[in-house]
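Notes follow the structure.
Remember, predicted model here, so these are calculated numbers, not experimental data. Remember, it's 1-based here, ligands and their atoms both numbered in the order they're listed.
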Amino acid sequence: MKSFDVVVIGGGPGGYIAAIRAAQLGLATACIDEWKTADGKPAPGGTCTNVGCIPSKALLQSSENYEHAGHAFSEHGIQVKGLSLDLAQMLKRKDKVVRQNNEGILYLFKKNKIAFFHGHGRFAGGSAGAWTIKVDGKPEETLTAKHVIVATGSVPRALPGAAFDNKLILDNDGALAIPEVPKRLGVIGAGVIGLEMGSVWRRLGAEVVILEALPAFLGAADEQVAREALKVFTKQGLAMHMGVKVGKVTTARDVKVEYADSAGKAQALTVDKLIVSIGRVPNTGGLDAAAVGLKLDERGFVAVDDQCRTNLPNVWAVGDVVRGPMLAHKAEEEGVAVAETIAGKHGHVDFNTIPWVIYTSPEIAWVGKTEQQLKSEGVRYKAGQFPFMANGRARALGDTTGFVKFLADEKTDRILGVHIIGPMASEMIAEAVVAMEFRASAEDIALICHAHPSLSEAMKEAALAVDKRTLNL
Ligand code: FAD
Ligand code: NAI
């Protein structure tokens, strides 16, 4: 029996970061993770590292390079002859990037003196201050823990009657490893995965059709951004059908999806591969939560309070397995906050300033409230907007799609939300997050010197636009 101050179940961004912070704070810490490589080796990092954030961004980058070489370089006076796609190499590179991240995390465990257990962790009894956790691995282990942090993440949701086989009906794992570019690719769900993975395979040559249940595109984004995005993605060749009702899915040599279109008319779509990206569900199945009475909420998430406390004393839960957005950085923030609270410090996550990014081209990023949210909450606000078309760096890049939009309180000028669709939006949004954390006004941003020429000047100009005084438009 090995005893620890903290045992973390799950080594994704929520779990491994919680373990590192707990160890930094002097707590004897263990982390259990069951993910393994094809040859059975430990692969910590969770969904994010293995089949999520990291491999998807690797393929987004590779496919964008391919698209630029084929379609954008000639405008720069660069002629590419005999361009061809080596998909096997592209996938190999993606796998290498993943492996580098797995190894980086194993190194961090060692460096921080975290005991890493490769295997399946589950509750096996105990009570406050002395929880018993079994690790079904090689060898089997029994651990006791003063504190347990559950960070078991999420798994993809399947369409009823259409189980994932990762040959024809693909989840995120399958969508990142299609061995040949499909001629016809169907995607169910125009959410983040659908748009990112649909973009990857379209750039590589697939005809992509996306079927979305909701009538409105990207409901969580600012409506103006969503409208612009729909226009651009459609122009790029993603065929988007909104407001559909997906029915029977049958597989033979290909996949047939029967659905009713937005007018209620029966339709069918036949594709070579089908990605199903209709959201994810919390992963609590293997925890033996019932053995200790760990409470789940009505949607199956581990029920937690604002500090990520569960109903059991000294048992905490973070990341995708609890309420809130399913984002790696949200999981990490919660992991750090819990470790600090356990160590007697003040742990806190500000849900109002969690940025969202969709890594399509153009990228979409936002933080804070959308215009439609402010309207429905009756908040009086001012909006300022600046298009990348009028930004010198964007013109030099040859990527002038989109705009930056600032929303600020009508009276106090405090920034309430920032929305970007355009090049490098993922990087630019950080300025808005910092500004909102420091409760900045739009004028604060407008008064700051931004380097020229840079995309970030569009942030300054949009902040100036709140006061109707843009300089370059
Ligand atoms: P996970 O990363 O799911 O990790 C949980 C870990 O726990 C896994 O390793 C699992 O094997 C292990 N585990 C589960 N149960 C047990 C058990 N009983 N015993 C031992 N181990 C166990 N988010 C972003 O912020 N940015 C992105 O760009 C982004 N891209 C994404 C792309 C895709 C295709 C997908 C699917 C997701 C993406 N996400 C992204 C979301 C992000 O991956 C998740 O929000 C994040 O991984 C959640 O972290 P977590 O630690 O809560 O869970
Ligand atoms: P999602 O919630 O982003 O999108 C799912 C979409 O599927 C929604 O638009 C929904 O209306 C639609 N849908 C649901 N049921 C349907 C049905 N039966 N038929 C047709 N459409 C249906 O979920 P997604 O894309 O699966 O991603 C899961 C999570 O992973 C996201 O919530 C996100 O938090 C995370 N993620 C984050 C990324 C990022 O930060 N860049 C990238 C990829 C994933």
- Ligand-residue contact atoms, ligand 1 with Gly119, heavy atoms, under 4.0 Å: 19 (N), 20 (C)
- If you scan protein heavy atoms around atom 7 (O) of ligand 2, the nearest is Gly189 CA, 3.3 Å
- With a 4.0 Å cut-off on heavy atoms, is Arg280 touching ligand 1? yes
- Query: What atoms of ligand 1 come closer than 4.0 angstrom to any heavy atom of Lys57?
  - Reply: 27 (C), 28 (O), 29 (C), 30 (N)
- Item | Element-labelled atoms of ligand 1 that are located less than 4.0 Å from some non-hydrogen atom of Gly121 | 17 (C), 18 (N), 19 (N), 20 (C)
- Any chance the side chains of Asn166 and Asp173 put a donor and an acceptor closer than 3.5 Å? no
- Message: Within the 4.0 Å heavy-atom shell around Val357, which atoms of ligand 2 are there?
- Response: 39 (C), 40 (O), 41 (N)
- Query: Under 4.0 angstrom from ligand 1, any heavy atom of His329?
  - Reply: yes
- Message: Considering non-hydrogen atoms of the protein only, which is the closest contact for atom 29 (C) of ligand 2, and what is the distance?
- Response: Arg280 CD, 3.9 Å
- Task: Taking the side chain as every heavy atom from C-beta outward, state whether Val8 and Ile32 have any pair of such atoms under 4.5 Å apart.
- Result: no
- Message: Any carboxylate oxygen within less than 4.0 angstrom of a Lys/Arg side-chain nitrogen, looking at Lys2 and Glu141?
- Response: yes
- Query: What protein heavy atom sits nearest atom 32 (O) of ligand 2, and how far off is it?
  - Reply: Met326 CB, 4.5 Å
- Message: Quick check: closest heavy atoms across Ala206 and Val181, and the distance to 0.1 Å?
- Response: N-CG1, 3.7 Å
- Which of the atoms of ligand 1 are close to Asp33, meaning less than 4.0 Å from one of its heavy atoms? 6 (C), 7 (O), 8 (C), 9 (O), 10 (C), 11 (O), 12 (C), 20 (C), 21 (N)
- Rounded to the nearest 0.5 Å, the CD atom of Glu212 sits from the OG atom of Ser262 at a distance of 12.0 Å
- Query: Take atom CD in Glu427; do more than 12 heavy atoms of anything else shown fall under 6.0 Å from it?
  - Reply: no
- Item | Those atoms of ligand 1 less than 4.0 Å from some heavy atom in Gly46 | 2 (O), 4 (O), 8 (C), 9 (O)
- Can you say whether the rings of Phe217 and Phe233 are parallel (under 30°), tilted (30 to 60°) or perpendicular (over 60°)? perpendicular
- Close side-chain approach of Glu340 to His346, heavy-atom, < 4.5 Å: no
- Backbone or side-chain N or O of Asn172 under 3.5 Å from ligand 1 N or O: no
- Query: Who gets closest to atom 39 (N) of ligand 1 by heavy atom: Cys53, Ser154, Gly52?
  - Reply: Cys53
- Query: Short question: side chain of Asp171, backbone of Phe164 - any donor-acceptor pair under 3.5 Å?
  - Reply: no
- Task: Could you tell me which atoms of ligand 2, counted from 1 in the order shown, lie closer than 4.0 angstrom to a heavy atom of Leu327?
- Result: 34 (O), 40 (O)
- Query: Which is it for Ile193 and ligand 1 at heavy atoms under 4.0 Å: side chain, backbone, both or neither?
  - Reply: side chain
- Within a distance under 4.0 Å of any heavy atom of Asn283, pick out the atoms of ligand 1 and give their elements. 14 (C), 15 (N)
- Looking at ligand 2, does Arg157 have a heavy atom less than 4.0 Å from it? yes
- Query: Can you tell which of Asp171, Ile188, Leu60 gets a heavy atom nearest to atom 19 (N) of ligand 2?
  - Reply: Ile188
- Please identify which atoms of ligand 2 are closer than 4.0 Å to at least one heavy atom of Tyr359. 41 (N)
- Under 4.0 Å from a heavy atom of Ser277: give me the atoms of ligand 2 that qualify, with their elements. 5 (C), 6 (C), 7 (O), 25 (O), 26 (O)
- Non-hydrogen atom of Pro325 closer than 4.0 Å to ligand 2: no
- Task: Would you check the N or O atoms of Ile193, main chain and side chain alike, for any that come under 3.5 Å of an N or O of ligand 2?
- Result: yes
- What residue and atom, counting heavy atoms only, is the protein's closest point to atom 20 (C) of ligand 2, and at what distance? Ala213 N, 3.3 Å
- Is ligand 1 under 4.0 Å from a heavy atom in the side chain of Ile9, in the backbone, in both, or in neither? side chain
- Note on the structure: Judged by heavy atoms only, the candidate from Gly10, Ala331, Ala151, Gly45 nearest atom 5 (C) of ligand 1 is Ala151
- Task: Using a strict 4.0 Å cut-off to heavy atoms of Leu214, name the atoms of ligand 2 that fall inside it.
- Result: 11 (O)
- Compare Val246, Leu159, Thr47 and give the one whose heavy atom is closest to atom 18 (N) of ligand 2. Leu159
- Between Glu333 and Lys330, is there a salt bridge with N-O shorter than 4.0 Å? no
- Task: Could you tell me whether Lys245 and Glu258 make a salt bridge, using a distance below 4.0 angstrom between a side-chain N and a carboxylate O?
- Result: no
- Query: Taking atom NZ of Lys146 as the centre, does the number of heavy atoms from other residues, nucleotides or ligands within less than 6.0 Å exceed 12?
  - Reply: no
- Task: Could you check atom 4 (O) of ligand 2 against the protein and tell me its nearest heavy-atom contact, residue, atom and distance included?
- Result: Gly191 CA, 3.2 Å
- Tested for side-chain hydrogen bond (donor to acceptor under 3.5 Å, both in side chains) against Glu207, the lone hit among Arg202, Arg184, Lys183 is Lys183
- Can you tell which part of Thr47 has a heavy atom less than 4.0 Å from ligand 1: side chain, backbone, both or neither? both
- Item | Aromatic ring pairing Trp316/His147, orientation class (parallel under 30°, perpendicular over 60°, tilted between) | tilted
- Query: If you measure only the distance, is there a donor-acceptor pair under 3.5 Å linking the side chains of Thr250 and Lys256?
  - Reply: no
- Item | Interfacing atoms of ligand 2 (cut-off 4.0 Å, heavy-atom, Glu196) | 41 (N), 42 (C)
- Any Pro282 side-chain heavy atom under 4.5 Å of Phe301 side chain: yes
- Task: From atom 41 (C) of ligand 1, work out which of His118, Met326, Glu34, Glu334 has a heavy atom at the shortest distance.
- Result: Met326
- Using a strict 4.0 Å cut-off to heavy atoms of Gly153, name the atoms of ligand 1 that fall inside it. 1 (P), 3 (O), 5 (C), 52 (O), 53 (O)
- atom 9 (O) of ligand 2 - nearest protein heavy atom and its distance: Glu212 OE1, 2.7 Å
- Do ligand 1 and Gly14 have nitrogen or oxygen atoms that lie under 3.5 Å from each other? yes
- Task: For the pair Phe4 and Phe117, name the ring-plane relationship: parallel under 30°, tilted 30 to 60°, perpendicular over 60°.
- Result: perpendicular
- Salt bridge Asp222-Lys405, side-chain N to carboxylate O under 4.0 Å: yes
- Message: Under 4.0 Å from a heavy atom of Cys48: which atoms of ligand 1 are those, numbered in the order shown and with their elements?
- Response: 2 (O), 43 (O), 47 (O)
- If you measure from the Lys or Arg side-chain nitrogens to the Asp or Glu carboxylate oxygens, is any gap between Asp165 and Lys167 under 4.0 Å? no
- Message: If you take the nearest heavy atom of each of Leu59, Thr284, Val51, which one is closest to atom 34 (C) of ligand 1?
- Response: Val51
- Could you tell me whether the side chain of His241 reaches within less than 4.5 Å of the side chain of Asp261, counting heavy atoms only? no
- What's the shortest distance from atom 2 (O) of ligand 2 to any protein heavy atom, and which residue and atom give it? Gly279 CA, 4.2 Å
- Message: I need the nearest protein heavy-atom contact for atom 37 (C) of ligand 2: residue, atom name and distance, please.
- Response: Val192 CG1, 3.9 Å
- Message: For a side-chain contact (heavy atoms from CB on, under 4.5 Å) check, start with the C-alpha distance between Gln224 and His419, then their side-chain angles and the critical distance, and finish with the verdict.
- Response: CA-CA 9 Å; Gln224 201 184 346; His419 304 270; over 6 Å; no
